[in-house]
Trainee: 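Okay, here's the structure, questions in a sec.
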Amino acid sequence: MNRYDFRSVEEKWQKYWDEHGTFRAKDDKSMKKFYALVEFPYPSGHGMHVGHIKAYSGLEVVSRKRRMEGYNVLFPIGFDAYGLPTENTAIKDKIHPRIVTDRNIEKFTGQLKKVGFSFDWSRVIDTTEEGYYKWTQWIFLKMFEGGLVFRDKTAVNYCPSCKVVLSNEDSQGGKCDICHSDIIRKTKEVWYLRITEYADKLLQGLEEVDYLPNVKLQQQNWIGKSTGAFVNFKIKENGEELRIYTTRPDTLFGVTFMVIAPEHPIIEKYRDSIPNIKELDDYRSECAKKSEFERTQLVKDKTGVKIEGITAVNPLNGKEIPVYISDYVMMGYGTGAIMAVPAHDSRDYDFAKKFGIDIIEVIKGGDISKEAYTGDGEMVNSGDLNGITNKKDAIEKVIGILEKLGCGEKGVQYKMKDWAFNRQRYWGEPIPIVHCPQCGMVAVPETELPLKLPPVENYEPGTDGESPLAKIESFVNCKCPKCGGDARRETDTMPQWAGSSWYFLRYCDPHNDKEFASQEALKYWMPVDWYNGGMEHVTRHMIYSRFWHKFLYDLGLVPTSEPYAKRTAQGLVLGSDGEKMSKSRGNVIDPNEVIEEYGADVLRLYVLFMGDYEKAAPWSESSIKGCKRFLDRIWGLQEILTDGEEYGALRSNFHKTIKKVTDDIEAMKFNTAIAAMMALINDIYALGSINKAELKTLCILLNPFAPHITEEMYNINFGGILNEQSWIGYDEALCRDETIEIVIQVNGKIRTKLNIVPDSDKDAVLEMALSDDRVREVIDGKNIVKQIYVPNKLVNIVAK
RNA sequence: GCCGAUGUGGUGGAAUGGCAGACACAGUAGACUCAAAAUCUACCGCAGCAAUGUGUGCGGGUUCAAGUCCCGCCAUCGGCACCA
């Protein structure tokens, strides 16, 4: 037998699959469907990363198995190609981003095909193609019509390096998601999508989907629902109402001061009646200068200024309380004002200590001379609430009182903010809106979509957060679609996440030029049955796309309320030093080089064998050799091949392995599935032969993991194409051996082992155990207190 | 600070409360070879010649039996972070 030449074999089958469209989803809508989705890559200039290989290999295995199980499988791939890195390359190398994108997509396509992934290449999508972004713009306009798009001038997250405004999701931790620079606050009028309107639906929807617990949790935390109450405090001097949000209305009697955010509008409104307005202004401008980093990292030291000439009145007891401004209260959450209860909130406590404000205990149980007490306890100093010991009861009662007084009510708040939906850059979908001096913001008519990106000389962003499109007069100047008068086009483009917010819908019907996808196709394919991707997308892409999908669902344009029925996530591939792969650390593994040296099958096998799929695992140059040896041994089986249509001596072994591999693939326990096949191979070699029936089974079992070598072996020994075969079944009854070894323990310690027939009678086994020399020796002179028999597992004799 | 996850040989990692270390890497010895690579065979947690003892981050507990369950710590990683 020749040595296995992976180069020619892999090339041969990749060509075959490509030419025959082997993995195209079928048109047959009578078949049961399976829609497997992996996160489409951003085609960067660096080419693919081993992380991509691991990310796609999981559902690749599942998809290949599903096809053999008779499903009509949709396993698509595409390119999320709008984005800053491409644009930056274009600027640096003075090439049009279109050319850069096409070049990168070509590179990625070549690499993906070299791995032998069973994607449906007839459905490739590219978010930057006119036929695609036409519908991205179309959905945006539907949102515009639906009142979910608005412009607002507020403090935004701005990346000074990328020169773009970022959403909250894109500036997590105060860092730019693209270049990791510190972001700054900047007041600017930008576009928003009203995702908060869907906050509750996004939260509710999590109850009906099968996501990894951690994925659900992160989304819940990100949405950040809290329940509490709004309370209106009268301002003594002018009768104005200062409205606050609190989750602890039960502590209302403990309020000793109030705090408003530096940006709170009440200051502007009454600045003339505030004697220390200069001091306030100084503090406010100081806060405005602070970066996000300073504002969040220097949390320990509370700063603030008391507002003179403004006194609030507690609606429950009429007590007069001072009002401060401080940057520990944010304008963007709740009402931008809080009631401060230092006895029962640690931040208020710190502030009160620093400014010498009273601390009044209203809940017993802590020592408020030392720290704030946030636990439960009996209410004191609280008028009608005194004596209540249950927080829930106290909250209910207070809200009742507030409602009766007409100065407060129940309330709900979300941490999630509206989605800042814009980039001041070239390489993105133009926002299809026209600003008309007469009509205001007007949608570009549907017939004019796609609103194409105009050719430009220079992609450099403007210095003051202006899009390069703003410099192109021919693009900017237009007629208002409504009144026909002179108008100006919007010049911001959409953020990176727009195109990926609905791509899973386009895959269902990628060449449709009448609709974003036909209802027929959507009804058949949606929802995505299984979506796998990275944890880093859980609070960005996942939330955004669920939002778009739910919006389309409300319009009756998609058949399911949730896009993804199931979501899993792969762990990172770390460098061999155990650190995250990065160019600066020099620990990056190039998948191309691995394929060159070992072949695609080895690479696929190794990324799945290296550890628990969901956990991070370090790359090991030497461990990968184990996978190489395994495949060489698989190939070598052909040398010890005998005839035979039935399983031989290893029958139960085969049944067990089929069961193990079948179950483990579903549970994404690919590492143990591979280990089981390795163990079986070891047994076969120990036995010295394999017959045809057994080899056929092995080819099928291993095919999803190592498709090239198995396709070749199948073709040589049996003829035909493996992909057209059925997944192999097993017989539960035959998974058992004829005799099994059980453990005999005395007082929990193993003393001997016995071979018994499965499901032997308890008494018979106990008798065997007790008559064993070794056992008798240990229990000699002791009383048997207890005898435990776990069928087919062990006997434990307790003797004293 | 809050939330979550993880902690097992020299290494990556296996173990529905029931033989800890499957499978693999590395290592040791041997076979083949002029030699090397490749391949094959055997060994391979620690202590001990052995019988045996001991061992899953640390300290308790439940149980006939704990890596697994409970309580309290420690460490590492991830997410959120002045969210009222």
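Chain A is the first sequence line, chain B the second, and so forth, proteins listed ahead of strands; every chain is numbered from 1. Only a predicted model underlies this, so the values are computations on that prediction, with no experimental measurement involved.
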Trainee: For a quick check of understanding: with a heavy-atom distance under 4.0 Å over all strands, which category does A:D348 fall into, base, sugar-phosphate or nothing?
Mentor: nothing
Trainee: With heavy atoms under 4.0 Å as the rule, sort A:A337 into base, sugar-phosphate or nothing.
Mentor: nothing
Trainee: Provide the closest heavy-atom pair for A:V588 versus A:M581 in the form atom of the first, atom of the second, distance.
Mentor: CA-SD, 3.9 Å
Trainee: How far does the P atom of B:rG21 sit from the matching atom of B:rC44, given to the nearest Å?
Mentor: 12 Å
Trainee: Could you check how far CE of A:M416 sits from P of B:rA81, rounded to whole Å?
Mentor: 14 Å
Trainee: Does A:R243 count as lying over the ring of A:F230, i.e. NZ or CZ under 6.0 Å from the six-ring centre, within 45 degrees of the axis?
Mentor: yes
Trainee: Specify the residue among A:T246 and A:L217 whose closest nucleotide of RNA chain B lies further upstream toward the 5′ end.
Mentor: A:L217
Trainee: Look at the side chain of A:D327 and decide which nucleotide, out of B:rC82, B:rA22, B:rC23, has an atom nearest to it.
Mentor: B:rC82
Trainee: Would you say B:rA14 has OP1 or OP2 under 4.0 Å from some side-chain N or O of A:N671?
Mentor: yes
Trainee: Using O4'-C1'-N9-C4 for purines and O4'-C1'-N1-C2 for pyrimidines, with syn meaning within 90° of 0, is B:rG30 syn or anti?
Mentor: anti
Trainee: Can you tell me, in whole Å, how much space there is between the P of B:rG55 and that of B:rC23?
Mentor: 25 Å
Trainee: Which one, B:rG18, B:rA84, B:rC23, comes nearest to the side chain of A:A675?
Mentor: B:rC23
Trainee: Mind checking the C1' distance from B:rU63 to B:rA75? Whole angstroms is fine.
Mentor: 29 Å
Trainee: What closest approach, in Å, do A:H264 and A:M331 show between heavy atoms, and which atom pair accounts for it?
Mentor: CA-SD, 3.7 Å
Trainee: In whole Å, what is the span from the CH2 atom of A:W619 to the C1' atom of B:rA24?
Mentor: 14 Å
Trainee: For B:rC2, give the paired nucleotide (Watson-Crick: N1-N3 plus N6-O4 or O6-N4; G-U: N1-O2 and O6-N3; both under 3.5 Å), or none.
Mentor: B:rG79
Trainee: Compare all side-chain heavy atoms of A:R540 with those of A:D170 and state whether any distance is below 4.5 angstrom.
Mentor: yes
Trainee: One thing to verify: whether A:D663 and A:K659 come together as a salt bridge, which I'm taking to mean a side-chain N less than 4.0 angstrom from a carboxylate O.
Mentor: yes
Trainee: May I ask you to check whether A:Y349 and A:E371 show a side-chain donor-acceptor distance below 3.5 Å?
Mentor: no
Trainee: Atom pairs, N/O to N/O, protein against nucleotides 51-57 of chain B, distance under 3.5 Å?
Mentor:
unit_1: B:rU52; atom_1: OP1; unit_2: A:R774; atom_2: NH2; d: 3.2

Trainee: Between the side chains of A:S171 and A:N157, does any donor sit under 3.5 Å from an acceptor?
Mentor: yes
Trainee: In whole angstrom, give me the gap between the C1' atoms of B:rU76 and B:rA20.
Mentor: 23 Å
Trainee: I need the CE-P distance between A:M678 and B:rA24, as an integer number of Å.
Mentor: 6 Å
Trainee: Write down the partner of B:rC64 under the Watson-Crick or G-U wobble criteria, each distance required to be under 3.5 Å.
Mentor: B:rG18
Trainee: Taking any heavy-atom pair under 4.0 Å as a contact, classify A:S226: base, sugar-phosphate, or nothing.
Mentor: sugar-phosphate
Trainee: Does A:R629 put a side-chain nitrogen or oxygen below 4.0 Å from OP1 or OP2 of B:rC25?
Mentor: yes
Trainee: Nearest-Å distance, CG (A:L631) to P (B:rU39)?
Mentor: 13 Å
Trainee: From CZ of A:F670 over to C1' of B:rG13, roughly how many Å is that when rounded to an integer?
Mentor: 16 Å
Trainee: Toward the 5' end of RNA chain B, which comes first, A:D632 or A:N221, by nearest nucleotide?
Mentor: A:N221
Trainee: In terms of side-chain heavy atoms of A:V329, which of B:rC25, B:rA15, B:rA84 is nearest?
Mentor: B:rA84
Trainee: Atom CG of A:D664 to atom P of B:rU16: distance rounded to whole Å?
Mentor: 11 Å
Trainee: I want to check one thing: is the phosphate of B:rA84, taken as OP1 and OP2, less than 4.0 Å away from some side-chain N or O of A:Y333?
Mentor: yes
Trainee: For A:E579, is the CD atom crowded, meaning more than 12 foreign heavy atoms sit under 6.0 Å from it?
Mentor: yes
Trainee: Does B:rG30 have a Watson-Crick or wobble partner in any strand here, with both distances under 3.5 angstrom, and which is it?
Mentor: B:rC40
Trainee: What pair of heavy atoms forms the shortest contact from A:I742 to A:N792, and how long is it?
Mentor: CG2-C, 3.6 Å
Trainee: Given B:rC23, B:rG18, B:rA84, identify the nucleotide with an atom nearest to the side chain of A:I788.
Mentor: B:rG18
Trainee: Between A:L572 (CG) and B:rG78 (C1'), how many Å, whole number?
Mentor: 10 Å
Trainee: Distance check: side-chain N/O of A:K660 vs OP1/OP2 of B:rC23, anything under 4.0 Å?
Mentor: no
Trainee: From CG of A:D577 over to P of B:rU11, roughly how many Å is that when rounded to an integer?
Mentor: 16 Å
Trainee: Can a cation-pi geometry be assigned to A:K302 and A:Y328, taking NZ or CZ under 6.0 Å from the six-membered ring centre and within 45° of the ring axis?
Mentor: yes
Trainee: Quantified in whole Å, what is the P atom distance between nucleotide B:rA65 and nucleotide B:rC19?
Mentor: 15 Å
Trainee: Checking all strands, does A:F630 fall into the base, sugar-phosphate, or nothing category for heavy-atom contacts under 4.0 angstrom?
Mentor: nothing
Trainee: Expressed in whole Å, how much space separates the C1' atoms belonging to B:rG67 and B:rG17?
Mentor: 11 Å
Trainee: Contact class for A:N214 (heavy atom, under 4.0 Å): base, sugar-phosphate, or nothing?
Mentor: sugar-phosphate
Trainee: Residues two or more places apart in sequence or in another chain: which of them pass ring-ring contact (aromatic ring centres under 6.0 Å, His included) with A:Y324?
Mentor: A:F257, A:F351, A:F355
Trainee: May I ask you to check whether A:Y245 and A:S226 show a side-chain donor-acceptor distance below 3.5 Å?
Mentor: yes
Trainee: Hey, is A:R7 close enough to A:E596 for a salt bridge, meaning N to O under 4.0 Å?
Mentor: yes
Trainee: What pairs of nitrogen or oxygen atoms, one from the protein and one from nucleotides 19-21 of chain B, lie under 3.5 Å apart?
Mentor:
unit_1: B:rC19; atom_1: O2; unit_2: A:K753; atom_2: NZ; d: 2.5

Trainee: Under 4.0 Å, heavy atoms only, any strand: does A:P618 hit a base, just the sugar-phosphate, or nothing?
Mentor: sugar-phosphate
Trainee: What nucleic acid atoms does A:K669 come within less than 4.0 Å of, heavy atoms only: base, sugar-phosphate, or nothing?
Mentor: sugar-phosphate
Trainee: Taking B:rC70 as the reference, what is the distance to B:rA5 when you measure between their P atoms (whole Å, please)?
Mentor: 11 Å
